[in-house]
Amino acid sequence: MSEEEPRTRSQRLGEETRRVSRQAGQALGQLNPISRSTYPHNIHPALVPGIGIDEQRRRYSIDWLIFAITGVLTVAFVIWGVVNPASVGEVAGVAYDWTMVHAGWLFNALAIVVLVFLLILAFTRYGKIPLGKDGEKPEYSTFAWIAMLFAAGIGIGVLFWGPAEPLTYFHNVPAPLDHAPESEQALHSAMAQTYFHWGLHAWGIYALVGGAVAYAAYRRGRVPLMSAIFEKMFGKKHSEGFAGQMIDMFAIIATLFGTAAALGIAVMQIGEGVVIVSGASELTNAMMIGIIAVLSACFVVSAVSGISRGIRYLSSINIVLTIGVIALFFFAGPTLFLLNLLPSSLMEYFGTMFEMMGRSASWGQDTLDFQSTWTVYYWAWWISWSPFVGIFIARVSRGRTIRQFILGVILVPSSLLFVAYGVMGGTSMWLSREGQGEVSPDLSAPQVLFAVIDALPFLQWMPIVVVVILAIFFITSADSASVVMGILTTRGDQDPNKIVVVFWGLVMAGVATVMLLLGDETALEGLQSLVIVTALPFALVLILIMIAWSRELATDPHALRDHYADLAVSNAVIDGVQRYGDDFAIEVVPTHPGEGAGAEVDSEHDDYTDWYQRTDEDGTPVGYDFATGEWADGWDPETGEIGTVVAQPGQESDEPSAGQTTSR
């Protein structure tokens with residue numbers, strides 16, 4: 001991408017933001033003829049149109065405390081794992097066992113609570129609040145937005161677990177179910193269990209983080225950091241201090257280990273593909289480390305060259321190729337069987353969802369073992385990926401309402417995955433039941449995909465395509481996740497230092513290597529153990545996000561106007577009917593203090609007013625005119641320069657005026 005294009009797009013976005021600000025400010029200003037000097041910038045909190053992150057004045061730099069602590073800890077972990085993987089495996093195993101016994105319930109409960117919380121937000125008055133300013137149009141069209149949600153929904157898991165997971169449940173029925181393996185009931189329950197792990201609950205976790213980040217950045221004008229969500233809960237001093245730094249460190253560690261696990265899975269399956277294509281005898285640790293080294297070198301080249309446009313093209317190509325693979329499975333496999341299985345499996349999923357939500361250690365040791373290996377692992381994986389995927393979907397969802405965002409993020413990718421897993425899992429189970437090929441639950445997860453491909457006609461060339469897809473996924477995921485960790489390390493800078501980005505990418509590759517070495521022949525065990533353990537601290541952060549976000553929504557200008565409207569209309573209707581029967585109309589008139597629409601609201605409280613006080617880069621309050629979008633000190637958001645303020649004749653104000661400016 002050329003240097004000119006980002007500036008042009010940024011200028012267009014800035015002009016559009018200022019236009020929306022002026023229109024909203026002028027419209028709302030007409031409703032507020034009485035100046036209230038007790039409010040910041042003389043504007044009532046119910047009339048503030050919102051603040052976008054690109055309107056704020058900030059000075060970005062590396063947060064050396066976060067960078068040093070997380071960097072030293074993770075590098076030390078990599079060195080420890082390379083020098084003495086046995087001891088790391090022993091410690092990880094003990095931590096894993098403790099987590100599953102004492103905190104497995106937390107992951108299960110959290111997946112349920114998050115989904116319920118989001119549905120409540122979507123279908124109450126809060127669902128109408130925009131993730132942006134009043135009157136701001138969505139940055140992307142509905143089609144483009146849905147396409148990008150599809151992109152977020154397609155990942156390595158579709159190819160790795162798509163054929164393998166349902167096949168496992170088909171032959172080894174999940175406890176506490178007791179129906180016969182390989183039966184029709186086992187067929188449908190296997191698909192329902194897979195949908196449960198990859199469907200609504202998983203995307204609810206992503207939507208929670210993404211929605212909270214988008215609201216803080218595009219409605220409240222904060223940086224896209226996990227810590228920024230908690231400014232109202234902890235106070236700005238603490239959210240930008242050590243408490244906030246701790247939250248961002250948890251987010252980095254969760255992202256690091258969650259993404260490293262995904263990269264490790266990609267390497268395992270690439271290795272199997274290389275074995276098939278090259279004719280090698282078996283996949284060894286040396287081969288996997290070599291694959292990681294080659295792909296990491298490709299990631300470094302992409303990160304330092306700044307070819308983000310190329311990465312987007314590669315991602316689009318990857319989506320097309322993955323959908324193409326699924327389509328080939330559908331047409332080359334048992335098409336009629338799949339057409340019957342897909343709707344039946346979906347209904348089985350919805351019909352047994354509450355039963356699956358209720359499974360826990362209270363059902364016995366067998367259920368605990370299954371939950372530990374599968375369900376809790378998935379909840380932990382989604383939690384660890386939530387900062388990464390959440391920030392991505394937040395960045396493409398500006399201007400959507402909370403209702404559109406929640407329903408779109410939960411339903412669109414889930415629907416795609418229902419089809420993908422139905423096709424791939426249904427094909428593997430059908431081939432196994434019919435005895436075609438060598439599709440067996442005794443194979444490792446990476447081997448199942450290639451066994452299915454080998455059993456289907458005309459697809460002998462597909463292993464090469466699969467290896468290409470997985471390689472692209474590794475590079476683009478490492479790039480994107482490293483950028484997110486760079487943002488978290490540089491106080492929210494959306495274009496973080498390339499050296500920081502490359503550092504996190506290399507550390508991530510190192511963690512993936514250690515994870516694979518820990519598992520020996522069953523490398524997946526090492527991946528699962530560390531993901532679950534490292535996701536536990538961030539699970540507590542998700543609980544705090546729900547509390548912090550709901551508190552902020554209660555004081556949102558849109559919610560405040562709704563509250564005023566409900567009380568004002570209710571009082572007016574009762575008064576009108578009592579005094580005039582059917583023959584009355586409503587008009588706006590002043591009331592005695594404490595008797596009007598805002599009688600139950602202290603609109604001058606800091607909860608309502610602190611957030612929209614504009615400041616300069618050093619945090620010093622600066623006058624601002626919401627009607628014109630001009631700063632009192634002459635700061636130009638497009639150039640980042642401060643002009644000289646020329647006061648307009650006869651202008652009087654309780655704070656510095658926006659006035660007119662000339663360049664210094």
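In what follows, residues are counted from 1 in the order of the sequence shown. These numbers were taken from a predicted model, which means no experiment stands behind them.
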With no hydrogens and no angle check, do the side chains of Y60 and E617 hold a donor and an acceptor under 3.5 Å apart?
-> no

Point-to-point distance, once rounded to the nearest 0.5 Å, from CZ of R222 to OG of S227 | 10.0 Å

Closest heavy-atom pair, A394 versus V213, reported as atoms and distance to 0.1 Å, is CB-CG1, 4.1 Å

CD (E272) and CG (L449) are apart, to the nearest 0.5 Å, by 10.0 Å

Taking all non-hydrogen atoms of both residues into account, name the closest pair between W385 and A262 and its distance.
-> CZ2-CB, 3.2 Å

Output for pair (D495 CG, I487 CD1), nearest 0.5 Å, gives 9.0 Å

Minimum heavy-atom distance I532-Y377, with the two atoms named = CD1-CA, 3.6 Å

Spatial distance of atom CH2 (W198) from atom CZ (F418) [nearest 0.5 Å] = 12.5 Å

Would you check if the distance from the ring center of F160 to the ring center of F473 is below 6.0 Å?
-> no

Any chance you could lay out the side-chain contact (heavy atoms from CB on, under 4.5 Å) test for F250 and T534, step after step, and finish with the verdict?
-> CA-CA 8 Å; F250 286 150; T534 56; over 6 Å; no

Please answer whether the main-chain N or O of W381 pairs with a side-chain N or O of S384 as donor and acceptor at a distance below 3.5 Å.
-> yes

Using distance alone, with no hydrogens and no angle criterion, decide if W374 and E165 have a side-chain donor and acceptor under 3.5 Å apart.
-> no

Scanning both residues in full, the closest heavy-atom pair of S482 with V501 reads CB-O, 3.4 Å

What do you reckon, is CD of Q56 surrounded by more than 12 foreign heavy atoms closer than 6.0 Å?
-> yes

Non-hydrogen atoms of V209 and G390 that approach each other most closely = CG1-CA, 4.3 Å

Run the numbers on V483 and D479 for side-chain contact (heavy atoms from CB on, under 4.5 Å), then give the verdict.
-> CA-CA 6 Å; V483 168; D479 200 337; 3.8 Å; yes

Any salt bridge between R398 and D54, counting N to O under 4.0 Å?
-> yes

Could you tell me if the ring centre of F242 sits under 6.0 Å from that of F234?
-> no

Between R359 and Q193, is any side-chain donor less than 3.5 angstrom from a side-chain acceptor?
-> yes

When the ring centroid of F388 is compared with that of W504, is the distance short of 6.0 Å?
-> no

Could you pull out the closest heavy-atom pair between L542 and I383, with the gap in Å?
-> CD1-CG1, 3.7 Å

S296 side chain vs A293 backbone, donor-acceptor pair below 3.5 Å = no

Side chain of S428, backbone of P163: donor and acceptor closer than 3.5 Å?
-> yes

Keeping the roles fixed (side chain from Y378, backbone from A202), state whether a donor-acceptor pair exists under 3.5 Å.
-> no

How about T194 and W161: does a side-chain donor come under 3.5 Å of a side-chain acceptor?
-> no

Under 3.5 Å, is there a donor-acceptor pair between the E90 and S87 side chains?
-> no

Examine distances only and state if a side-chain atom of Q447 and a backbone atom of S444 form a donor-acceptor pair shorter than 3.5 Å.
-> yes

Nearest-0.5 Å distance, CG of residue N172 to OG1 of residue T373 = 11.0 Å

State yes or no: are the ring centers of F503 and F67 separated by less than 6.0 Å?
-> yes

Using modelled atom types only, decide if a donor and an acceptor are shared between the side chain of S239 and the backbone of K236 within a distance under 3.5 Å.
-> yes

Scan side-chain atoms only and decide if S397 and W145 contain a donor-acceptor pair under the 3.5 Å cut-off.
-> yes

Where do V325 and F329 land on the side-chain contact (heavy atoms from CB on, under 4.5 Å) test, with the steps shown first?
-> CA-CA 6 Å; V325 169; F329 270 59; 3.8 Å; yes

Can you list the steps and then say if M485 with V507 is a side-chain contact (heavy atoms from CB on, under 4.5 Å)?
-> CA-CA 11 Å; M485 288 186 284; V507 171; over 6 Å; no

Nearest 0.5 Å, what's the CZ-CG distance between R491 and D63?
-> 4.0 Å

